[in-house]
There are 2 protein chains.
Amino acid sequence: METKQANSIFEALSSDVRLDLFRLLVKYAPDGLVAGEIAKHLNVTNTNLSFHLKTLLRAGLITMEKEGRFLRYRADIPVMLDTIAYLTAECCTGHPEQNCTHRAAISVSPAVRPDRGFSG
Amino acid sequence: METKQANSIFEALSSDVRLDLFRLLVKYAPDGLVAGEIAKHLNVTNTNLSFHLKTLLRAGLITMEKEGRFLRYRADIPVMLDTIAYLTAECCTGHPEQNCTHRAAISVSPAVRPDRGFSG
DNA sequence: TCCATATTTCAATATTTTTTGAACTGTTTC
DNA sequence: GAAACAGTTCAAAAAATATTGAAATATGGA
């Protein structure tokens with residue numbers, strides 16, 4: 001994952017509304033929710049929800065699909081996993097002579113995302 | 001991990017300077033770096049570095065230790081792991097009848113943090 | 001004690017992000 | 001095709017965050 005993308009993802013998760021929103025979509029993965037359902041869960045106006053959805057969408061953390069007159073949103077779990085990998089990838093590599101006791105703590109399983117390269 | 005803390009952590013990671021800064025400290029874990037060393041790695045003024053260090057410190061993502069006239073900063077790896085667990089904990093639980101193909105992808109190993117409770 | 005070093009705090013400014021209400025687009029139903 | 005519905009876009013105001021330079025604190029060494 002590129003620095004720029006990781007940055008925009010953490011920026012996207014930096015608002016309380018959007019963190020709640022993203023976690024809601026993670027919870028309702030893999031089917032996701034339509035905008036109206038999301039609005040019922042979170043206490044925000046439609047306009048504001050739309051703004052935050054767009055922010056998450058631009059960051060690439062969620063996807064959108066048209067469904068009649070509804071719009072369905074889903075968390076992009078592989079992107080989330082890549083972001084976690086980005087954060088943890090270089091753990092303790094600053095001192096190559098020491099070995100890192102954290103390295104094994106996070107494993108991003110290749111089985112889930114066979115089509116992507118892993119940095120961990 | 002509480003919602004409020006997770007929120008402040010993602011807010012802390014939402015600036016490009018702070019994301020670079022935190023990843024630098026993850027890289028130089030577990031020894032960390034003193035402020036002056038950090039300044040050499042990142043291209044920011046002392047004042048600004050201080051501001052961003054304080055933000056990460058308040059969020060609990062890094063720790064600070066006095067060392068003579070230096071201040072040593074370290075990434076708090078367990079807090080980072082808790083945050084990752086917070087983000088991923090409820091994955092796919094919205095549909096209990098379906099089983100979650102992502103659940104196994106992230107494992108936060110208890111061996112690394114025997115003194116804390118795990119939400120994952 | 002005086003000076004240099006390491007780093008922080010303060011106050012002002014600049015920039016970015018969030019929120020709001022009103023108006024708009026597209027879809028379904030009658 | 002008109003009405004109702006789902007959701008978005010727009011523009012303005014409000015709020016939060018980042019950056020800067022100058023001044024302050026605190027340590028270590030001559």
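Numbered from 1 within each chain, the chains take letters A, B, ... in sequence-line order.
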### Which residue lies more 5' along DNA chain C, comparing A/V44 with A/F70 via nearest heavy atoms
A/V44

### Summary
salt bridge (Lys or Arg N to Asp or Glu O under 4.0 Å) pairs touching residues 26-38 of chain A, sequence neighbours excluded, are A/K27-B/E90

### Task
On DNA chain C, reading 5' to 3', which nucleotide is the first and which the last to sit with an atom under 4.0 Å from a heavy atom of chain A, could you check?
C/dT17 to C/dT28

### Message
I need the CD-P distance between A/E65 and D/dG7, as an integer number of Å.
### Response
14 Å

### Query
So A/F10 and B/F10, would you call those rings parallel, tilted or perpendicular, with 30° and 60° as cut-offs?
parallel

### Message
Determine whether B/L19 and A/T3 satisfy the following criterion, side chain to side chain contact (heavy atoms under 4.5 Å, CB included), listing intermediate values before the conclusion.
### Response
CA-CA 9 Å; B/L19 184 54; A/T3 301; 5.7 Å; no

### Task
Please report, rounded to the nearest Å, how far the P atom of D/dT8 is from the CZ atom of A/R58.
13 Å

### Query
Whole Å only: how far is the CG atom of A/N46 from the P atom of D/dA6?
9 Å

### Query
Whole Å only: how far is the CG atom of B/N43 from the P atom of D/dA18?
18 Å

### Task
Run the numbers on A/M80 and A/D76 for side chain to side chain contact (heavy atoms under 4.5 Å, CB included), then give the verdict.
CA-CA 7 Å; A/M80 177 182 77; A/D76 189 328; over 6 Å; no

### Query
Under 4.0 angstrom, heavy atoms only, what part of the nucleic acid is A/E11 near: base, sugar-phosphate, or nothing?
sugar-phosphate

### Query
Rounded to whole angstroms, how far apart are CG on B/N7 and P on D/dA16?
13 Å

### Query
Atom CG of B/L19 to atom C1' of D/dA18: distance rounded to whole Å?
16 Å

### Message
Could you see if A/V44 belongs to whatever hydrophobic cluster contains A/V26? Use Ile, Leu, Val, Met, Phe, Trp, Tyr and a side-chain cutoff under 4.5 Å.
### Response
yes

### Message
Tell me if a side-chain donor or acceptor on A/R18 pairs with a main-chain N or O of A/L56 at a distance below 3.5 Å.
### Response
no

### Task
Starting from P on D/dT9, measure out to CG on A/L53 and report it in whole angstrom.
11 Å

### Query
OP1, OP2 of D/dG7 versus side-chain N and O of A/K54: anything below 4.0 Å?
no

### Task
State yes or no: do B/L21 and B/M64 share one hydrophobic cluster built from I, L, V, M, F, W and Y residues joined by side-chain heavy-atom distances below 4.5 Å, directly or via other members?
yes

### Query
Once you round it to whole Å, what is the distance between P of D/dG7 and CG of A/L57?
14 Å

### Message
Both A/E67 and A/S15 contact DNA chain C. Taking the nearest nucleotide for each, which residue is further toward the 5' end?
### Response
A/S15

### Query
Hey, is the side chain of A/K66 poking within less than 4.0 Å of OP1 or OP2 on D/dG7, counting only N and O atoms?
no

### Query
When you check the phosphate oxygens OP1 and OP2 of D/dT8, does a side-chain N or O of A/Y73 lie under 4.0 Å from one of them?
yes

### Summary
The nucleotide from D/dC5, D/dT27, D/dT20 with an atom nearest the side chain of A/R69 is D/dC5

#### Entry: N/O (side chain, B/R18) to phosphate O (OP1/OP2, D/dT17) under 4.0 Å
no

#### Entry: Side-chain N,O (B/N48) to OP1/OP2 (D/dA18) below 4.0 Å
no

